[in-house]
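Just so we're clear, the structure is a prediction, and the values are computed from it rather than from any experiment. Convention: sequence-line order gives letters A, B, ...; per-chain numbering from 1.
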There are 2 protein chains.
Amino acid sequence: MKGSEPAAKREGASGTPVAEVGPNPILQALAERLPLWKRPGYLVRRLHQIHYALFFEECAEFGITPVQYGLLTILSTNPDTDQISLANALGIDRTNVADVLARLEQRGFVARMRSRADRRMVLARLTPEGEELVGRMHPAMARAQTRLLESLDEDERERFVATILKLLEANNRYGRAPLGASKMDHT
Amino acid sequence: MKGSEPAAKREGASGTPVAEVGPNPILQALAERLPLWKRPGYLVRRLHQIHYALFFEECAEFGITPVQYGLLTILSTNPDTDQISLANALGIDRTNVADVLARLEQRGFVARMRSRADRRMVLARLTPEGEELVGRMHPAMARAQTRLLESLDEDERERFVATILKLLEANNRYGRAPLGASKMDHT
DNA sequence: ATAAAAAAGGATGTATACTGATGATTATCG
DNA sequence: CGATAATCATCAGTATACATCCTTTTTTAT
C-alpha cells in the first residue's frame with residue numbers, strides 16, 4: 001500500500017533535484033503547535049465523513065443519503081411543509097432543500113404542490129411509496145447511528161452527545177438552522 | 001422571521017383540502033423514538049456545518065476553505081507530495097484532492113509537476129505566495145478552531161477531543177484516511 | 001523478456017452545501 | 001389605493017465529496 005509511509009519520503013530529494021531544502025521552518029513550527037489532529041473542526045469533519053460511510057454501508061440498498069433521510073423524517077411527521085421551514089428544521093440551505101426534494105420527487109417518494117393559501121410557497125409531503133420507504137429503511141438508519149458511537153461505553157456516549165448538543169445550542173446563530181426549529185414536531 | 005414557528009402550522013389543514021389526516025402514526029412513533037436530534041450522525045453533521053460557518057467568518061478575507069487550508073498545511077510540512085498521499089493525509093478522496101489542488105494552483109498558491117522518479121505521480125508544493133498565505137492566515141484559522149469549542153470548559157473540551165479521536169481510530173477503516181497517514185510528518 | 005497485475009492520475013457523473021441574483025407573490029405603510 | 005417591504009422559490013455559479021471507468025506507467029510473476 002501507499003498510504004502507510006510518509007509521502008514526502010516517496011520522492012523527497014531524490015526525484016526533485018530542483019528542491020533545495022525542507023519545509024519552511026516557520027510554517028513547520030506553526031503546524032507542530034496546531035497540527036491537523038488538534039484542530040476540532042478537522043476532527044469533526046472526519047467524523048462526519050465516517051458517519052457518511054457507515055450510513056452508506058447500512059443503507060446502500062435504498063440509495064438514500066443521510067440528508068435525504070433526514071428530510072423524509074421531517075416530512076413523515078410534518079406533511080405539507082414549505083421549503084424554508086424544511087431548511088430550518090434540517091439545518092441546511094433552502095436551495096439545497098429544493099435540490100434534495102427534486103431528486104426525491106423524481107423517484108416518487110415525495111410530492112410537491114403550490115400552496116393555495118400562499119401561492120409563493122411549495123408544500124412537500126410523502127407519497128405512499130415515501131412512507132413505506134421511511135418505515136422500511138428506519139432499522140438500517142438506526143444501525144448506522146448506533147455503530148458510529150459503539151466503540152464508546154454508555155457513559156462516554158451520553159457525555160459526547162450532550163456536549164455536541166451544548167455546542168449546537170451555543171452556536172445556534174451559525175450554520176443555517178436555529179436549533180429550535182428542528183424540534184418542530186418531534187417532541 | 002420565519003423560522004421560529006412550526007412549519008406544519010403555516011398551512012396545515014387550511015390550505016390543503018386534499019389532505020385528510022395528520023402524519024402516519026407508525027412513522028410518527030419511529031420519529032419520536034429516534035428524532036433527528038438524537039441521531040449522532042445528524043448532530044455531527046450540524047457541528048461540521050457550524051465549523052464551516054465559523055471558519056468562513058474568520059477567514060473570509062483570504063477566500064480559503066477549511067479543506068484548502070488543510071491541504072496547504074500538509075504541503076507546508078511535506079513539500080513535493082503526490083496526490084494520493086495527500087488524500088490519505090487529509091482524509092478526502094483523491095479526485096477531490098486533484099480538484100482542490102487545481103484551484104489552489106490556479107490562484108498561485110501551489111505548484112504541481114510530474115515526478116521524474118515515477119512519472120505516474122504528480123507532486124505538489126507551496127509557492128512562495130502559498131507559504132506567505134499559510135503563515136498570514138494561521139491566526140484566523142486558529143481562532144475558528146478555538147471558537148468552535150469555546151462554550152466548553154477546559155475539562156469538557158479535552159474529553160470531547162479525546163472522544164472524537166477515539167471514534168476516529170475505532171472507525172479507521174471507514175472514510176478515506178487510515179488515521180496513521182495523517183501523522184505523516186507532524187510529530 | 002514479456003504478460004499480467006498494480007498503482008497513479010484524469011475524466012465523467014452524482015449529491016450535498018452555500019452565495020448571490022432574479023422573479024413572483026403577499027403584506028404593509030403612507 | 002398604490003408604492004414599497006418582505007417573503008418564497010428558482011437559477012446560476014462555486015466548492016466539497018465520492019464512485020466508476022479509463023489511460024499511462026511501474027512492478028511482478030512466469
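DNA chain C is contacted by both A:Val100 and B:Val122; B:Val122 maps to the nucleotide lying nearer its 5′ end (nearest heavy atom per residue). Between A:Ala98 and B:Thr65, the residue whose closest nucleotide on DNA chain D is further toward the 5' end is A:Ala98. In terms of position on DNA chain C, the residue among A:Arg119 and B:Arg120 whose nearest nucleotide sits closer to the 5' end is B:Arg120. Both A:Arg112 and A:Asp99 lie near DNA chain D, and the one whose nearest nucleotide falls closer to the 5' end is A:Arg112.
For the salt bridge (charged side-chain N to carboxylate O under 4.0 Å, His left out) test with B:Asp80, the passing option among B:Arg125, B:Arg116, B:Arg112 is B:Arg125; the others fail.
Syn is the classification of D:dA5, since its glycosidic angle stays within 90° of 0.
A:Tyr52 comes within 4.0 angstrom of sugar-phosphate atoms only, judged by non-hydrogen atoms across all strands, and of no base.
Rounded to whole angstrom, the span from the CG atom of B:Asp93 across to the P atom of D:dA17 amounts to 10 Å. Following rounding to the nearest Å, B:Phe56 (CZ) and D:dT16 (C1') show an atom-to-atom distance of 9 Å. Note: CD1 (B:Ile50) to P (C:dA17) measures 14 Å, nearest angstrom. For the pair A:His48 NE2 and C:dA17 C1', the computed distance is 10 Å after rounding to whole Å. Rounded to an integer number of Å, the gap from CG of A:Leu54 to P of D:dC18 is 13 Å. Rounding to whole angstrom units, CD of residue A:Gln49 and C1' of C:dA17 are separated by 14 Å. Rounded to an integer number of Å, the gap from B:Asn96 CG to D:dT20 P is 16 Å. Between A:Leu101 atom CG and D:dC8 atom P the separation is 16 Å, expressed in whole Å.
Base pairing analysis places C:dA27 opposite D:dT4; the two distances defining the Watson-Crick or G-U wobble pair are each below 3.5 Å.
Of the side-chain N and O atoms in A:Arg45, none sit less than 4.0 angstrom from OP1 or OP2 of D:dT16. Using a 4.0 Å cut-off, no side-chain N or O of B:Thr95 falls inside it from OP1 or OP2 of D:dC18. The shortest distance between the side-chain N/O atoms of A:Gln68 and the OP1/OP2 oxygens of C:dA15 is not below 4.0 Å. Checking the phosphate oxygens (OP1, OP2) of C:dG10, a side-chain nitrogen or oxygen of B:Gln83 falls inside 4.0 Å. The shortest distance between the side-chain N/O atoms of A:Arg103 and the OP1/OP2 oxygens of C:dT16 is below 4.0 Å.
In the hydrophobic clustering of this structure, B:Tyr42 groups with A:Phe62; members are Ile, Leu, Val, Met, Phe, Trp, Tyr whose side-chain heavy atoms approach within less than 4.5 Å, directly or through other members.
Annotation for B:Arg119: atom CZ does not count as buried by contact number, only 12 or fewer foreign heavy atoms lying within 6.0 Å. Counting non-hydrogen atoms of other residues, nucleotides and ligands closer than 6.0 Å to NZ of B:Lys166 gives a total above 12. A 6.0 Å sphere centred on CD of B:Glu154 holds more than 12 heavy atoms belonging to other residues, nucleotides or ligands.
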